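Here the structure is a predicted model, which means the values were calculated and not measured. Proteins get letters first, then strands, A, B, ... in listed order; numbering begins at 1 in each.
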Protein chains: 2
Amino acid sequence: MKKAELKQTECAARLAAVEDAMYVLGGKWKLRIITAVVSGYHRFNELQRAITGISARVLSAELKSLELNELVRREVKADLTPVVVEYLPTEYGMTVKEVVSVLGNWGLKHKKRITGKSAALIAKED
Amino acid sequence: MKKAELKQTECAARLAAVEDAMYVLGGKWKLRIITAVVSGYHRFNELQRAITGISARVLSAELKSLELNELVRREVKADLTPVVVEYLPTEYGMTVKEVVSVLGNWGLKHKKRITGKSAALIAKED
DNA sequence: CTGGATCCACTAAGATACTG
DNA sequence: CAGTATCTTAGTGGATCCAG
């Protein structure tokens, strides 16, 4: 395999990794939910109130996904009624902070660059 | 405004910035296209061949979006037939490299962590 | 060759109602 | 309280044909 081909392969692998990350963290709600959990909202209905606009259905699905990826931890506090369920942050979940930070910084810079210059962020009413 | 409220505001602003970034870079194709352009594919059909699976419609739309955000530059080489159009990387487009890098690293680590442990990246056949 | 136009399929997500 | 079930809607992307 030649050098150029190696480069191609590396590049594809990087892209695949990026897509994995997007798959786990992307979408409309995942980061919001992680943030909320980290911020101290632990109960289901608490989260639904904190995250304006999310439906129970979606919140439920997203929490399951985050739990599978070990970004939050689900803990049943009692098996008597009323059942108390808590979603707690994991130490691993904290590792997304760096990602969020870099992404956020770029987004901020980009907005400054583009705002007023054109309608680039158009159709995404700020 | 109290300290806690300030924190909330900051947090919301960060999230908004992250979402802006996601909006500009996210989706199925944007990063792929940027990568392809940076890698030396400049013509429309060249890009379509390089990016396996993309349709002309989507490529066209994505390129417009990227151009609006100044991540690629569209240049018409001749106004005679056959018209030659080139999509070129901008220096600004290079600033996404850091983002891609961080995202990619996290994605890679995450895959290693999760693979085999569960079906977490499930339904996303690798 | 470079796309625009049209039509269609798929999926994410909203609304609402309901169960243990 | 903590979800699930069902229905519906909106956005995204694919396929195909067509025009400059």
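- Atom pair B/Ile51:CD1 and D/dG14:P shows a separation of 11 Å (rounding to whole Å applied).
- Put simply, CD1 on B/Ile54 is 14 Å from C1' on C/dT2, counting in whole angstrom units.
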- Message: For nucleotides 3-13 of chain D, give me one character per nucleotide, 5' to 3': B if any protein heavy atom sits under 4.0 Å from the base, S if the only such contacts are to the sugar-phosphate, - if neither.
- Response: SSBB------B
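- C/dC1 atom P lies 13 Å from atom CG of B/Leu47, rounded to whole Å.
- Around CD of B/Glu75, the count of heavy atoms belonging to other residues, nucleotides or ligands within 6.0 Å exceeds 12.
- The CD atom of B/Glu46 sits 10.5 Å away from atom CD1 of B/Ile51, with the distance rounded to the nearest 0.5 Å.
- The distance between atom NZ of B/Lys77 and atom P of C/dT2, rounded to the nearest whole Å, is 13 Å.
- Ion pairing between B/Arg43 and B/Glu86 fails under the 4.0 Å rule for side-chain N and carboxylate O.
- Using a cut-off of 4.0 Å between Lys/Arg side-chain N and Asp/Glu carboxylate O, A/Glu62 and A/Lys30 are scored as salt-bridged.
- For A/Tyr41 and D/dC1, the OH to C1' distance is 18 Å, given to the nearest whole Å.
- A/Ser101 contributes no side-chain N or O that, together with a main-chain N or O of A/Lys97, makes up a donor-acceptor pair within less than 3.5 Å.
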- Go through the steps to decide whether B/Val102 and A/Leu103 satisfy the test side-chain contact (heavy atoms from CB on, under 4.5 Å), and finish with yes or no. CA-CA 9 Å; B/Val102 172; A/Leu103 224 42; over 6 Å; no
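- Atom CD in B/Glu46 sits roughly 12 Å away from atom C1' in C/dC1 (whole-Å rounding).
- Ion pairing between B/Glu67 and B/Arg73 fails under the 4.0 Å rule for side-chain N and carboxylate O.
- Taking five base pairs at each end of the helix from C/dC1-D/dG20 to C/dG20-D/dC1 and finding the rotation axis that steps the C1' atoms of four pairs onto the next four gives two axes whose angle is 40°, to the nearest 10°.
- Classification of the B/Tyr92-A/His110 ring pair by plane angle, with boundaries at 30° and 60°, yields parallel.
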